[in-house]
Amino acid sequence: MSMWSTLRAAMLGGLVPPDATPAPSPIRRDSTIYSEAMGIGSARDKRESIRPGAPIVLSDDELDWLMASPAARLITQPAQEAMRRGYRVDVDGQRGVTDELDQALGVRATLVRWLEAARGGRGAHILMVDDSDDWSQPMRPGAPIRALHVLGWREAVPGKIQVDPREPGWMQPLLWHVAPRRNVSVSVGYVHASRLITHTGIPTMPDAPQPSGIPLGYGYSMWDLYWPPLRRLWATSATGEVAGIELTMPWIRLGSLATMMGDVAAAARDAIRMLARQRSSHGMTVLLPGDEIGRETLSLSGYSDLTASAWQDVAAVRGHPLTILLGQAPAGLTSDDESARQTWERLLDVECAEYDRALRVIHTQAMGPANRHIEWGAVYMPSDLERAQADQTRAGRDDILIRAGIIQPGHAAARYQGAEVLPDPVVPPDWRGGIPQGIEGVTAAALGARDADLITQADAEAMLRQSGIRVTPAPAQQESAPAPMQDEDPPQA
């Protein structure tokens, strides 16, 4: 029996049998480290007992607060920057066929509000309004759209589910009960799903039950995913602020206190009062002869690394580059931040895919079905120097094609005749140009080099292929002759 068991038995007035002492928990010494506090090496080792926790579902008030906080930039910046790229809808060679319609309906602003509400809430809808009196019926194809309205997830409730597996949208709401919650609550009634462009938030597994706390027909909010890393970031920041205050400690040495006061307790009380006054009076205090006052500052090491790690967790939720989110200067192996640019462009492509889906529904309803191509603008606009270098490269390519007889000068000049400079020459479909001589003649005619005899056949063929030219050598029985050099260069585009 141990000493503690003997003492405990003596205090209780009796003896405790040795077998009544509880056996200690088994200790698994997988390594030489054992920590009872952390559980390392014991039966409750946290390295093995960690399991995914219950998903965090934020309340409606919490979602509204987050969208009104500075953290809303996580939601609004990708949606706004994706639309800032601009788009153009082309149909069978006609460019910008939907510009007037989009401007009249305010499509761009509507789509941004729709995606922000869908990402920041649990979903959103775009209501397409026509002249029909009964909105519970399907929207007539080709009916003109009078207006577009954005509805939040609390303004539309599923009313009827499509249970016929032969119909599109199986097990999805067929009718929605719409009741806007703006300045005045108005019930619109049941609206057919064909009149709504719906975004139901982050979808769950097909066979997963409806999560608790989420309305029927909707999914998780983007804030539900952002909240765990945001909570860690804010807790780290708050802890650092408190620690920074506590580690800056003022002190006071009262040299004349012993001669003025004989009571030790009174001296200690007065010293504490003096110290409290110094902490709360913005550095002002009363000093007696022989007193000394100062401030001792302790360093808070590791705080910067903790906050940087928390910010990385926040940015990793959707791949939001920190240099763009926080406006930081690029750091690391490169100074041009090419990695962040590629990551940011992929994130904007995800937002543009949602815009594409909504645009096709709106344009098909207003203008009928067609083979539409939506062209999005570049994420990063080139500088004047980059544009000049690209134009110089294309001009050299056009010169090679003209000298080879593949295109005419007018084909290259047509690149500059439209509203924007085209990257490739405009060649008519009936043009029957080509290389009139073998590859040996192309060496001098296509390249136009003064030292053309130094360029081999393989070099010329490789340069032409890099320009997108298909080289067809002359027949074997026909001897190819070099094309005569032109006296003067063709007019530049």
> Can you pull the salt bridge (Lys or Arg N to Asp or Glu O under 4.0 Å) pairs that have at least one residue in residues 366-380, sequence neighbours excluded?
Replying inline: none
> Could you give all pairs that pass the salt bridge (Lys or Arg N to Asp or Glu O under 4.0 Å) test and reach residues 189-199, with sequence neighbours left out?
Replying inline: Asp130-Arg195
> Counting only heavy atoms not in Arg113, do more than 12 fall under 6.0 Å of its CZ?
Replying inline: no
>> Does atom CG (Asp164) have a neighbourhood of more than 12 heavy atoms from anything else shown, all under 6.0 Å?
In response: yes
> Between Leu196 and Leu151, which heavy-atom pair has the shortest distance, and what is it?
Replying inline: CD2-CD1, 4.3 Å
> Just by distance, do the side chain of Gln392 and the backbone of Arg387 share a donor-acceptor pair under 3.5 Å?
Replying inline: no
Do the non-hydrogen side-chain atoms of [X] and [Y] ever get within less than 4.5 Å of each other?
X: Trp65; Y: Asp61; answer: no
X: Trp223; Y: Ile75; answer: yes
X: Val150; Y: His125; answer: no
X: Trp311; Y: Leu325; answer: yes
X: His149; Y: Val129; answer: yes
X: Gln162; Y: Met171; answer: no
X: Pro78; Y: His320; answer: yes
X: Ile197; Y: Ile362; answer: yes

Could you work out, with side chain to side chain donor-acceptor pair (under 3.5 Å) as the rule, every residue matching [X], not counting sequence neighbours?
X: Glu81; value: Arg84
X: Arg73; value: none
X: Arg108; value: none

> Can Arg88 and Asp90 be counted as an ion pair, charged N to O under 4.0 angstrom?
Replying inline: yes
Any donor-acceptor N or O pair under 3.5 Å, side chains [X], [Y]:
X: His363; Y: Asp102; answer: yes
X: Asp134; Y: Tyr190; answer: no
X: Trp376; Y: Asp356; answer: yes

> Between Asp64 and Arg154, is a salt bridge (Lys or Arg N to Asp or Glu O under 4.0 Å) present by the stated rule, with each step listed?
Replying inline: CA-CA 12 Å; Asp64 295 338; Arg154 289 167 290 194; 3.0 Å; yes
> Can you say whether the rings of Trp114 and His199 are parallel (under 30°), tilted (30 to 60°) or perpendicular (over 60°)?
Replying inline: perpendicular
>> Rounded to the nearest 0.5 Å, what separates atom CG in Asp224 from atom CG in Leu63?
In response: 6.5 Å
> How would you list all residue pairs meeting side chain to side chain donor-acceptor pair (under 3.5 Å) that involve residues 227-236, not counting sequence neighbours?
Replying inline: Arg232-Ser309, Arg232-Asp313
> Cationic tip of Arg122 within the cone over Tyr220's six-membered ring, i.e. under 6.0 Å and within 45° of the normal?
Replying inline: no
